[in-house]
K.L.:
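Quick one: the structure is below, questions incoming.
As the structure lists them, so they are numbered: ligands from 1, and atoms in each ligand from 1.
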Amino acid sequence: MQDQFGRTIEYLRLSVTDRCNLRCRYCMPEEGVAELSHGEVLRYEEMLRVVAAACRLGVRKVRVTGGEPLVRRGIVSFISQLAALPEKPEVTLTTNGLLLAEQAEALKAAGLTRVNISLDTLRPERFRELTRRDGLDQVLAGIAAAEKAGMLPVKLNVIPLADFNADEIADFARLTMEHPWDIRFIEFMPISADLDYASRDGLSMGDTEAQLRRLGELEALPHQDTSGPAQMYRLSGAKGRIGLIPSVSGHFCGDCNRLRVMADGRVRGCLFDNAETDLKTVLRDGSDDRALEQLLLAAACAKPEKHLINDNDFTTPSRRMHGIGG
Ligand code: SAM
């Protein structure tokens, strides 16, 4: 699958639900959001048809996300179906980790190769403040379970926020001395308008990097396919690695290889672009797989050349991160 700018599309992010068991202040309002009804959300067999079509067109990696993917019933068996597709795509998952401890072994056995776990603080009271829920111990148990199950390297995604967790950057980075984990600092994105945090609250990547450099020598590592857009580093003597992902200020669009399918069956070519293609209609009106493939090709073709976040007339996307899948 190629887009009009010559980029090859081989990575699909699949949001299996817009529901979440946390209420992170920068992602969801306290009262939650109007959830999609069951009829609006694609059934697993519909999602499988979409992924199968995408794999026939060249997708090699599928990341299951949400909302919180582990709250959707039947997720383990769905992941085993994804992993068993004829093209044997690599299947990975992004989770807040709350339900991971109890499912890690089964997910690994189902064919999940790796997990990214989102965690912005190592302090229980801050976890409660940010997510409006308890559960840091459960997340830490989930990380340990993923490691024990062999989903390596375990990756932790951290969003540095100037007035919230900036003083924990060193604590997160020091985890790599003892653990073979990837700790990835990701720039806050302007996608959460009207919530408790705005983009100005995100710590700049430069400030994050400056804090990391105070910890000691930071060796830049060569880029690997599994690093995605992250620039990876290692503190001297560390078992794990540190990643910096300037999703907003960096210029990754030229290498973008993604399509995003959302739980309601719409596809986005860019996280920050509101243009979407509907797949649900052809999934439900008796059309054959050829029609589905044509729509996926059209969605790939319509990918914008680059995001416009830094332009003056950029308007906040119509969906927040929990609805798109990050
Ligand atoms: N529930 C799963 C999780 O927690 O990883 C998957 C979905 S969640 C929406 C995916 C990621 O988006 C999380 O790491 C979350 O921190 C991140 N996120 C949400 N809003 C964001 C924003 N405005 N900027 C950057 N990342 C954001």
K.L.:
Judged by modelled atom types alone, do Y26 and D120 share a side-chain donor-acceptor pair under 3.5 Å?
P.N.:
yes
K.L.:
Can L140 and L119 be said to form a side-chain contact (heavy atoms from CB on, under 4.5 Å), step by step?
P.N.:
CA-CA 9 Å; L140 297 177; L119 181 62; 4.2 Å; yes
K.L.:
When you look at R241 and Q224, which way does the side chain to side chain donor-acceptor pair (under 3.5 Å) test go after all the steps?
P.N.:
CA-CA 12 Å; R241 305 181 300 173; Q224 292 179 333; 3.2 Å; yes
K.L.:
Which parts of the protein, at residue level, reach under 4.0 Å of ligand 1 through a heavy atom?
P.N.:
Y26, C27, T65, G66, G67, E68, T94, T95, N96, S118, I159, E187, F188, M189, I191, S192, M321, H322
K.L.:
Answer yes when D167 and R126 have at least one side-chain N-carboxylate O distance shorter than 4.0 Å, and no when they do not.
P.N.:
yes
K.L.:
Side chains of E168 and T121: donor-acceptor distance under 3.5 Å anywhere?
P.N.:
yes
K.L.:
Look at the side chain of D288 and the backbone N and O of A291, then say whether any donor-acceptor pair between them is shorter than 3.5 Å.
P.N.:
yes
